[in-house]
Amino acid sequence: MHSPTGNLLVDLYKALKSGNVPVYTVLPGAEVPEPLLVIGSHSEDDSPSGKAGYEVSTTEVQIDMYYPIDDRMALEDQIYQTKNIIKNSTDKITRVTARTIVDSSIGRDVFHVIFLVSAYI
């Protein structure tokens with residue numbers, strides 16, 4: 001049995017593995033080609049709510065997608081597909097946002113899409 005956050009991460013991982021982009025829990029080495037997904041950091045907020053008190057925690061998980069820089073239209077299609085996979089991974093997810101930047105931090109220019117997944121657990 002996992003913690004509620006652990007269950008959320010397992011649900012996200014299983015759902016993303018069913019897609020066509022490899023999924024990692026840490027950024028792989030430079031020899032691994034794009035596209036790839038990395039399930040990264042998360043934050044939790046257990047501030048009490050007026051309706052549920054301390055029974056509900058808001059969790060935000062960051063998922064990074066690195067994508068080849070040569071085809072923007074294919075990237076947009078992949079963002080759409082990935083967001084749908086994330087949204088359908090569990091009914092606990094309330095919102096998925098995506099921000100796209102050009103990034104060279106991994107040693108070459110790539111599109112870097114930062115998905116922020118909000119969920120109630």
Side-chain angles (χ1 to χ4, degrees):
M1 183 173 195
H2 297 291
S3 69
T5 301
N7 287 332
L8 174 64
L9 293 172
V10 167
D11 290 342
L12 284 167
Y13 185 79
K14 284 181 181 178
L16 290 168
K17 286 292 276 187
S18 71
N20 61 349
V21 176
V23 182
Y24 300 89
T25 56
V26 295
L27 186 62
E31 71 281 356
V32 176
E34 298 78 31
L36 59 96
L37 290 162
V38 179
I39 299 176
S41 62
H42 80 278
S43 62
E44 294 184 26
D45 180 358
D46 66 353
S47 300
S49 71
K51 291 185 178 182
Y54 285 103
E55 295 176 20
V56 176
S57 179
T58 303
T59 300
E60 194 167 81
V61 177
Q62 180 172 319
I63 300 172
D64 298 283
M65 181 169 64
Y66 297 90
Y67 201 87
I69 196 118
D70 59 352
D71 192 345
R72 180 63 187 254
M73 293 310 293
L75 168 69
E76 295 301 332
D77 291 340
Q78 188 60 57
I79 291 170
Y80 179 79
Q81 291 171 17
T82 303
K83 281 180 73 174
N84 281 331
I85 290 170
I86 292 169
K87 284 189 239 181
N88 292 314
S89 66
T90 175
D91 62 356
K92 296 181 182 339
I93 293 176
T94 59
R95 183 177 65 157
V96 179
T97 63
R99 178 173 179 242
T100 303
I101 60 174
V102 175
D103 187 350
S104 61
S105 66
I106 63 171
R108 56 196 173 272
D109 285 343
V110 295
F111 286 119
H112 180 182
V113 182
I114 303 160
F115 296 97
L116 291 178
V117 180
S118 298
Y120 291 133
I121 57 171

Cluster check Y13, V38: I/L/V/M/F/W/Y, side chain < 4.5 angstrom:
no

Greater than 12 external heavy atoms within 6.0 Å of Y80's OH
no

Closest heavy-atom pair, I63 versus L37, reported as atoms and distance to 0.1 Å, is CG2-CD2, 4.0 Å

Specify the closest pair of heavy atoms between E34 and P68, including all atoms of both residues, with the distance to one decimal.
CB-CD, 3.5 Å

Side-chain heavy atoms under 4.5 angstrom apart, residues restricted to Ile, Leu, Val, Met, Phe, Trp, Tyr: same cluster for I85 and I39?
yes

Rounded to the nearest 0.5 Å, the NE2 atom of H2 sits from the CG atom of N7 at a distance of 6.5 Å

Is it possible for you to say whether V102 and F115 belong to one hydrophobic cluster, with membership spreading through side-chain heavy-atom contacts below 4.5 Å?
yes

Is there a donor-acceptor pair under 3.5 Å between the side chain of S57 and the backbone N or O of I121?
no

Just verifying a value: how many Å separate D64 CG and I106 CD1, rounded to the nearest 0.5 Å?
10.5 Å

Close side-chain approach of K92 and Y120, heavy atoms under 4.5 Å:
no

Any chain of hydrophobic side-chain contacts (each under 4.5 Å) joining V61 to V21?
yes

The reported gap from CG in D11 to OG in S89 (rounded to nearest 0.5 angstrom) is 6.0 Å

Smallest heavy-atom separation, P28 atom then V32 atom, equals CB-CG2, 3.6 Å

Value rounded to 0.5 Å, distance of NZ in K17 from CG in L12
14.0 Å

Any side-chain to backbone donor/acceptor pair from T82 onto I79? Under 3.5 Å, distance only.
no

Is there side-chain contact between V110 and Y67, with at least one heavy-atom pair below 4.5 Å?
no

Distance (rounded to the nearest 0.5 Å) between I101 CD1 and I114 CD1:
4.5 Å

Any side-chain heavy-atom pair of T58 and T94 under 4.5 Å:
no

pair L27-L36: side-chain heavy atoms closer than 4.5 Å:
yes

For the CD atom of Q62 and the NE2 atom of H42, what is their distance to the nearest 0.5 Å?
12.5 Å

Could you see if L75 belongs to whatever hydrophobic cluster contains I69? Use Ile, Leu, Val, Met, Phe, Trp, Tyr and a side-chain cutoff under 4.5 Å.
yes

Do the side chains of T97 and R99 get nearer than 4.5 Å, heavy atoms only?
no

Counting C-beta onward and ignoring hydrogens, is there a side-chain heavy-atom pair between N20 and Q78 closer than 4.5 Å?
yes

